[in-house]
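Let me begin by presenting the structure, written as structure tokens, before commenting on it.
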Amino acid sequence: MVKIKIAILSDIHGNCVALREVIKDAQENNVDKFLILGDLVNDLPFGNETLAIVKDLTDIVLKGNKEQYLIEYDTEKYDWKNIQFRTVKFMYNELTRENIEYIKTLPHSRSLEFEGVKLLIAHGSPESVEEQLHQDSREQLDYYTQNLNEDVLIFGHTHDKMWYENINGKLVVNAGCLGVSPYYTSLAEYVILDINNGKIDNIDLRHVKYDLEIIKQKIIESGILSHDKVLMNLSFCGIDGNGIIRHKFFKEAKELMLERSGKWYKDDAKGIFTYFKLFDDDIWLGLAEKYKDYFVF
């Protein structure tokens, strides 16, 4: 009888502090293998530190939309003037050239097999780093499971609570968010799959505590706050249990942009940047003033 325990980590978003605690928790649970599903960096300004941990941990690593933004910026050198992009530009400039080249090598999905169980891992969906698969996305989930050669489909990206479900005879697993949880928790999320004799024997949805004060101090020391405070405050809301504020901020910004111009995405954007939310600076700063009581920086 062959047993293997696999840890599935997604959406680290530069949170190296949470990542270290998750790895410690996984090792204490005798995990044999780590899979990482993308969005390794961005949001928190510790890209090189995070990638050093990732590269030392496993060679099964995907890119997410956050990596794709950086890859396309490296290629296209977009002229970003909006305040909201200052954090991404800071992070691009922080990364070493070696790490830029590393993320360029990462696939957005992979098919794997462990002891007879076949997995398809992706960041967003099997077809896109940006597509979101929520538990109520029944049409999309039916489409991907009906055409799935593997036994299991695993993804992240949505920042929804972790969940799993059997759909069309296939196991579907949302691995949650390790680094910047959305609405409900200040804990890091990840999944452990137990494969026992050719079958998935157990699915453990793990929540791990980490020190938010360390994150806060590292943000201050990074120098990013001299470039941008708004997005960094919103990111911190996403790790201290106030992620709903981040959600409300972007929802209101979208509504204001639609009211002003009827546009949400930049018409002439290329590639992944068709998905970038482009807010006028006065809207961005006006909402920052509205929600400032929730900001810590």
Side-chain angles (χ1 to χ4, degrees), residues 8-15 35-44 47 61-76 78 80 82 84-85 87-89 91-92 95 100 102-111 120-145 147-148 153-163 172-183 189 231 234-235 238 243 246-247 249-251 253-254 257-258 263-279:
I8 303 158
L9 286 50
S10 189
D11 295 84
I12 300 166
H13 291 277
N15 193 337
L35 317 182
I36 301 183
L37 308 189
D39 277 8
L40 316 171
V41 296
N42 259 332
D43 285 334
L44 297 176
V61 183
L62 303 181
K63 70 177 176 182
N65 53 297
K66 297 293 186 177
E67 284 72 53
Q68 189 64 28
Y69 299 157
L70 294 168
I71 291 167
E72 292 196 14
Y73 179 65
D74 183 67
T75 303
E76 302 289 342
Y78 291 95
W80 289 339
N82 301 69
Q84 72 180 102
F85 296 136
T87 296
V88 181
K89 292 164 71 174
M91 294 178 192
Y92 173 81
L95 289 176
I100 294 289
Y102 168 74
I103 64 174
K104 287 182 178 180
T105 68
L106 301 176
H108 81 272
S109 66
R110 279 187 68 175
S111 182
L120 180 62
I121 60 172
H123 177 66
S125 78
E127 294 182 358
S128 168
V129 293
E130 190 67 37
E131 185 177 17
Q132 295 193 2
L133 299 179
H134 303 281
Q135 196 165 13
D136 61 0
S137 304
R138 306 318 295 188
E139 184 176 344
Q140 294 161 285
L141 292 169
D142 281 342
Y143 168 75
Y144 286 119
T145 52
N147 295 279
L148 188 66
L153 172 62
I154 309 173
F155 53 86
H157 183 45
T158 64
H159 295 206
D160 290 341
K161 289 183 179 181
M162 296 178 290
W163 59 269
V172 178
V173 181
N174 183 316
C177 179
L178 188 153
V180 186
S181 296
Y183 315 131
E189 302 177 316
L231 196 56
L234 292 172
S235 294
R246 177 176 165 143
H247 175 74
F249 184 104
F250 284 111
K251 183 175 184 292
K254 176 181 177 179
M257 284 299 290
L258 286 171
K263 296 179 182 179
W264 175 229
Y265 299 120
K266 187 176 180 181
D267 291 340
D268 62 349
K270 301 176 183 178
I272 201 71
F273 285 94
T274 57
Y275 297 96
F276 245 144
K277 303 170 180 66
L278 293 161
F279 305 122

Task: Short side-chain donor-acceptor distance under 3.5 Å, H159 and H13 - done: yes
Open item on the list: If I take atom CD from residue E67 and atom CG from residue L106, how far apart are they, to the nearest 0.5 angstrom?
Closed with: 7.0 Å
Task: Spatial distance of atom CG (D160) from atom CG (N174) [nearest 0.5 Å] - done: 6.0 Å
- [ ] Kindly assign one of parallel, tilted or perpendicular to the pair F279 and F250, based on the angle between their ring planes and the thresholds 30° and 60°.
- [x] tilted
Task: Worked check of side-chain contact (heavy atoms from CB on, under 4.5 Å) between K63 and Q68 - done: CA-CA 7 Å; K63 70 177 176 182; Q68 189 64 28; 2.7 Å; yes
Open item on the list: Can you give me the closest heavy-atom contact between A175 and I8, atom names plus distance?
Closed with: CB-CG2, 3.8 Å
Open item on the list: Measuring centre to centre across the rings, with the benzene-like ring taken for any Trp, is H157 within less than 6.0 Å of H134?
Closed with: no
Open item on the list: Would you compute the distance between atom CD1 of I36 and atom CD1 of I121 and round it to the nearest 0.5 angstrom?
Closed with: 9.5 Å
Task: Nearest atoms (heavy-atom pairs only) where D43 meets S235 - done: O-OG, 3.6 Å
TODO: In sequence, state the C-alpha distance, the side-chain angles, and the governing distance for I71 and K104, and then conclude on side-chain contact (heavy atoms from CB on, under 4.5 Å).
DONE: CA-CA 6 Å; I71 291 167; K104 287 182 178 180; 4.0 Å; yes
TODO: Applying side-chain contact (heavy atoms from CB on, under 4.5 Å), run through W163 and V172 and close with a yes or a no.
DONE: CA-CA 8 Å; W163 59 269; V172 178; 3.7 Å; yes
Task: Smallest separation among heavy atoms of L70 and V41, with atom names - done: CD1-CG2, 3.7 Å
Open item on the list: Would you compute the distance between atom CG of L133 and atom OG of S128 and round it to the nearest 0.5 angstrom?
Closed with: 9.5 Å
Task: Derivation and outcome, side chain to side chain donor-acceptor pair (under 3.5 Å), residues Y92 and D74 - done: CA-CA 8 Å; Y92 173 81; D74 183 67; 2.4 Å; yes
- [ ] Decide whether Y143 and E127 meet the rule of one side-chain donor and one side-chain acceptor closer than 3.5 Å.
- [x] yes
Task: From C177 atom SG to L9 atom CG, the distance as rounded to the nearest 0.5 Å - done: 11.0 Å
Task: Non-hydrogen atoms of L153 and P126 that approach each other most closely - done: CD1-CG, 3.8 Å
Task: Stepwise side-chain contact (heavy atoms from CB on, under 4.5 Å) test for R246 and V180 - done: CA-CA 11 Å; R246 177 176 165 143; V180 186; 3.7 Å; yes
TODO: Indicate whether the side chain of Y144 and that of E131 have a donor and an acceptor atom separated by less than 3.5 Å.
DONE: yes
TODO: Check N42 against K66 and note the closest heavy-atom contact, atom names and distance.
DONE: ND2-O, 3.3 Å
TODO: Classify the side-chain pair D39/S10 by whether it contains a donor and acceptor separated by less than 3.5 Å.
DONE: no
TODO: Grab the two heavy atoms, one from V61 and one from P107, that are nearest each other, plus how far apart they are.
DONE: O-CD, 3.6 Å
Open item on the list: To the nearest 0.5 Å, what is the distance between CG on L178 and CG on L40?
Closed with: 11.0 Å
